[in-house]
Amino acid sequence: MSTGDSESANHFTKLDQDFVVGRYKEGKSESDFRQYDAKATPHVAEFYRTNHKNQTVDYVLRKEKQYFGLRRGKRSVWEAAEYLNTLVDDSDPDTDLSQVEHLLQTSEAIRKDGHPRWMVLVGFIHDLGKCLCLYGEPQWGVVGDTFPVGCAWSDRVVFPEYFSGNPDANVAQYQTKYGIYEPNCGLENIHMSFGHDGYIAQVMKPYLSDEALYMIRFHSFYAWHRHGAYQYLENEKDREMLKWVKKFNPYDLYSKGNSKPDLAHLKPYYDDLFAEFLPEKPSW
Ligand SMILES: [Fe+2]
Ligand SMILES: [Fe+2]
């Protein structure tokens with residue numbers, strides 16, 4: 001570990017790997033694909049037990065208030081990426097890629113497929129919100145699948161059985177189909193479980209298009225973009241944006257394992273890309 005930071009940071013890369021392993025099994029059928037097995041992957045199960053227990057409406061509102069005002073200073077994208085790099089766990093035998101290299105793999109895969117420049121940018125920045133770990137947030141509050149809070153949990157959320165441990169299970173209003181929301185009110189009006197997606201979307205909100213922001217904001221909302229849950233909360237815009245979220249997802253999942261990107265060689269392209277869309281130092 002190259003930083004003396006918190007316990008959660010220490011376990012970050014290892015668990016992140018496990019999520020990828022859990023999702024990425026070539027040859028698996030669509031239905032098998034995201035079947036986590038509590039016995040086969042006990043620390044993923046334990047992660048979600050803690051996540052589902054603690055992601056309450058109160059918790060989410062508190063974290064949104066704490067972070068969505070962007071009062072953590074100004075940083076360039078490179079600075080943010082360098083900061084995230086301190087999360088690399090060099091005791092992990094499975095990868096010698098830094099966080100920045102992983103971001104570059106995602107964005108380079110998008111670039112190679114000829115997608116628009118804004119989508120290449122999304123590839124690079126979509127996980128920068130993981131710096132929440134360095135702010136001291138626990139891992140269960142930063143990574144993993146996201147889901148709406150304040151309404152009934154779908155059984156298409158990963159490990160739905162663990163929601164029984166969430167105090168919101170005892171709040172009648174939160175346990176109806178629509179909960180605190182109106183039918184088809186739109187996902188932008190929903191409070192999602194707190195994590196890196198929502199935070200980085202907030203940082204990027206003034207600068208990017210809806211398509212880009214949906215890719216960023218909902219990339220971990222698998223129950224929706226992969227399993228078709230929560231359609232009764234969707235509005236017309238969400239239905240339109242879903243195809244972009246789906247377009248992005250394979251790059252998030254499958255770009256690990258491609259060859260190690262050459263940062264020095266790529267830097268000028270990314271300097272131009274960041275300058276095209278973003279101010280030199282966005283607020284975090
Ligand atoms: Fe992510
Ligand atoms: Fe990612």
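Just so it is clear, the structure is predicted and the values come from calculations on it, not from any experiment. Just follow the structure's listing: the first ligand is 1, and inside any ligand the first atom is 1.
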- prompt: By atom name, which N, O or S atom belonging to D127 lies closest to the Fe ion (ligand 2)?
  reply: OD2
field: From CG (L104) to NZ (K267), nearest 0.5 Å
entry: 11.5 Å
message: Are the side chains of Y207 and P282 in contact, using a 4.5 Å heavy-atom criterion?
response: yes
- prompt: Taking the Fe ion (ligand 2) as the vertex, how big is the angle to NE2 in H126 and OD1 in D252, rounded to 10°?
  reply: 80°
message: I'd like to know whether Y48 forms a ring pair (Phe, Tyr, Trp, His ring centres under 6.0 Å) with W153, so could you lay out the CA-CA distance, the side-chain angles of the two residues, the decisive distance to 0.1 Å, and finally the verdict.
response: CA-CA 14 Å; Y48 278 112; W153 299 290; over 10 Å; no
task: Restricting to N/O/S, name the atom of H196 that gets closest to the Fe ion (ligand 1).
output: NE2
query: Taking just the N, O or S atoms of H219, which one is nearest to the Fe ion (ligand 1)?
result: NE2
- request: Keeping the roles fixed (side chain from D168, backbone from V171), state whether a donor-acceptor pair exists under 3.5 Å.
  value: no
